[in-house]
Every structure is written in structure tokens, then in C-alpha cells.
Asks: 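Please see the structure below; I have some questions.
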Amino acid sequence: MKRVLNFNAGPTALPLDVLTQAQQEFLDYQGQGMNVMEMSHREACFEGILDRAKKAIIALYAVPDDYDILFLQGGASLQFAMIPMNFGVNGGYLNTGVWSTNALQEAKIIGNAYELWSSQKDQFSHVPQDLINVPESIADQLNYLHYTSNNTIYGTQYHHLPKLMVDQQLLLNVPLFCDVSSDFLSRPLDIKQYDFIYAGAQKNAGPSGVTIVIAKKELLAQSPKTPIPKILQYKIHAEKDSMYNTPNTYGIYILMLMCEWMIAQGGVNHFQALNLQKANLIYDVLDRYADVFEGHARKHSRSLMNITFRLKNEKRLDELLALAQEKEIIGIKGHRSVGGMRISLYNAVPLSSTEVLAQVLQAFAQKA
Ligand code: PMP
């Protein structure tokens, strides 16, 4: 059997333990005589899977009782549209990359949506470090503040909560919404600080096709401000416990296995330490050979999940890719909008694979 060293940006590597368990249960899930894909989503057996998936997320993030967890479809991208449709047309957005831009643009189709901060002019190389100034004219209209905790394409990440300010005072009453798609469950998160977070599962938590929403129950219970179809209403999905229509049953099953695997490994604290160790291995080589590599993100905004950099001599790109290929390394070419290289180090990427990649980068740099 061949297993590559997978540094894809998502969908990406799943732990071998999870894949093996899914394989063992493939033809007969726990004596049911069928695969999870063949089961009715209305039967107790699948309800048990949904419940286990929820419980695992609650355990990993210590989700408080007044929050609910939904498993939706349509990717994080559908959340970009559903959020303004359900929670008001005056969202405030921090624009730190392609995905926040997309979220902002969807909201602008629905309503006003304010861009409160942007690092576009700096090629999205950083996230805001300081308090963000909100014009007095819109401060009391903001329905929520939306930001992207980890910018998958540019390799930047918040290491703090963003804070708004109006007229020299902290603006504290704006509900906090966050797209945590690419650092979900990769480090501890104090859910109480947030009103609403969401993530596509396909980076740290399983396969594509499942979007996790964790939000305050009272927020989910709200009726949308304007009439919208039921399928787009959080209220309906919450009332029906993610079963308003047929959920992605197999995706939720793999997510459940993945979350239970994370608990067995030591939970989000374990992954934070591991992910830091992996990221340091790569950043150390980039910093040591600064004549060969050029990082995209500013140091204070560096992501532990996606590391982006360019070669100072772009003509050597094929040489690096060939060295990587010899070691069965895949997925390290940068996104087309940034170029260069991108290394994604999600939870399922082992330290051992990262060590091999760090050695390849170092060998490449020493050849210069
Ligand atoms: N937000 C972030 C941070 C992402 O990385 C992505 C996808 N890479 C998306 C949103 C869009 O997710 P989806 O393709 O699931 O709609």
C-alpha cells in the first residue's frame, strides 16, 4: 500500500486510524448489516452517530449548554450567504483574504455590509493587531462582526480576538461571528467569546460536504429579519436538529470518527502543541535560509496551519518539487492567487511527515 505525505490545503489527509476504522466498518456498521451510507437518517442508529459527533465536539471545545451544534451542507461558502440573510444586513467585516472577501461580497448582495479593515493593499500578508476603528455613524447599526480566524490561502492567522473601537471606547456589544474553517479544532477556543462560528470539515475535522455551526441557541432561534426559504433558515435547522433535510450521513460519520480520534490523542491542547511543533520545524528552515526562501505572512500573523512562501529564485521551483516528489510529498504548491509554495499542517498531518518535508527544504536550501 502506498500512502503519500499529504500537505494539501483541504480536502486533505485523514488519520490512518480513522480510515482503517471506517474500512473495518465499511460493509457492516456495528452489526447493522449495512454501511452507514445505506442507513436511513431517521433511524436510531444514525441518530446515535449524529449524537456522538455532537458530543465529541462539545468535549473538544467545552461547548457551553446555551450553544447548539449544527451539521449543514453547502460548505462554508453557503454560510457567507446565510449569515446576512438571517442576522441582518449590516454586518461588519474584517477583510484578510479571499475567503473574507467572498463573505463580504455575499453580504453586500444582501445588504450594506461594511468592510471595517482590510490588508488587501499588503497582499493580505497580515491580520489586524490593533483595535479597529468603527465610524460613529455605523457603530450602533452593526448586526455582527465577521472575521476569518485563519486565512488558508495567504497563511495568516489571528492569535488574539479582534476588538472594535468607536470614539476612543471599546465597542463590546457587537456579536462576534467567525469563519474557523481552516483552524477548527486545531487549538483551544473559548466558545463563550463568540456568538457564532462555522467551519467546513474538510481541513481538520473530516471530509468535505459537512459544515459545522456552533452558535448561541438564542441566536439560532431567531426568525430571519426578512422572509427567506426554509432551507436557508438557521431556526429551521436548529429546530430539526440538522435533520430538516437529509444530512451528509457518511460525512458526519467520518467527522465523528475524526473527533473521537482527536479526543483519544489528547484533545485540542495536544493538537495545539503538536501543530506548533510542526509549524516551527518549517518556519525555522525558512528563517535560517532567508536568502533562499521568502515568507508571505508577517511574523506576528504567521499561521500554524498554512505556511506560505516563495523561492527567491523562482526558476528553482521545479527542482524543489522534484526533491519533494522523491519523498512522496504532495500538495505543497501555492494557491494560484499567491504563487510560490503552501504547506498545510492540519491535525492529521503527522510530525514525521513534517520532519521529512523540513529536511527536503533544508537540503534544497543547502544546494543553493
Ligand atoms: N473559508 C475558509 C477559511 C476556507 O479555507 C474555505 C475553503 N478553503 C472556505 C471558507 C470555503 O469553503 P467551502 O469550499 O467549504 O465553501
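Numbering of ligands and ligand atoms starts at 1, following listing order. Throughout, numbering of the chain's residues begins at 1 and tracks the sequence.
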Asks: Applying the side-chain contact (heavy atoms from CB on, under 4.5 Å) criterion to Thr354, which one of Ile343, Leu5, Leu281 satisfies it?
Replies: Leu281

Asks: Less than 4.0 angstrom from a charged side-chain N to a carboxylate O is my criterion; do Lys216 and Asp195 meet it?
Replies: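 Between Asp195 and Lys216 there is a salt bridge, with a charged N closer than 4.0 Å to a carboxylate O.
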
Asks: Can you pull every nitrogen or oxygen pair between ligand 1 and the protein closer than 3.5 angstrom?
Replies:
{"residue": "ligand 1", "atom": "1 (N)", "partner": "Asp179", "partner atom": "OD2", "Å": "2.6"}
{"residue": "ligand 1", "atom": "5 (O)", "partner": "Trp99", "partner atom": "NE1", "Å": "3.4"}
{"residue": "ligand 1", "atom": "5 (O)", "partner": "Thr152", "partner atom": "OG1", "Å": "2.4"}
{"residue": "ligand 1", "atom": "8 (N)", "partner": "Lys203", "partner atom": "NZ", "Å": "2.9"}
{"residue": "ligand 1", "atom": "15 (O)", "partner": "Ala76", "partner atom": "N", "Å": "3.2"}
{"residue": "ligand 1", "atom": "15 (O)", "partner": "Gln202", "partner atom": "NE2", "Å": "3.0"}
{"residue": "ligand 1", "atom": "16 (O)", "partner": "Ala76", "partner atom": "N", "Å": "3.2"}
{"residue": "ligand 1", "atom": "16 (O)", "partner": "Ser77", "partner atom": "N", "Å": "2.9"}
{"residue": "ligand 1", "atom": "16 (O)", "partner": "Ser77", "partner atom": "OG", "Å": "2.5"}

Asks: Is the NZ or CZ atom of Arg187 positioned over Phe271's six-membered ring, under 6.0 angstrom from the centre and within 45° of the axis?
Replies: no

Asks: I'd like to know if Arg298 pairs up with Asp122 as an ion pair, taking the criterion as any Lys NZ or Arg NE/NH1/NH2 lying under 4.0 Å from an Asp or Glu carboxylate oxygen.
Replies: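 Looking at Asp122 together with Arg298, the answer is yes, because their closest N to O distance falls below 4.0 Å.
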
Asks: Which of parallel (below 30°), tilted (30 to 60°) and perpendicular (above 60°) describes Tyr253 and Tyr250?
Replies: tilted

Asks: Give a yes or no on whether a salt bridge exists between Asp241 and Lys54, defined as a side-chain N under 4.0 angstrom from a carboxylate O.
Replies: yes

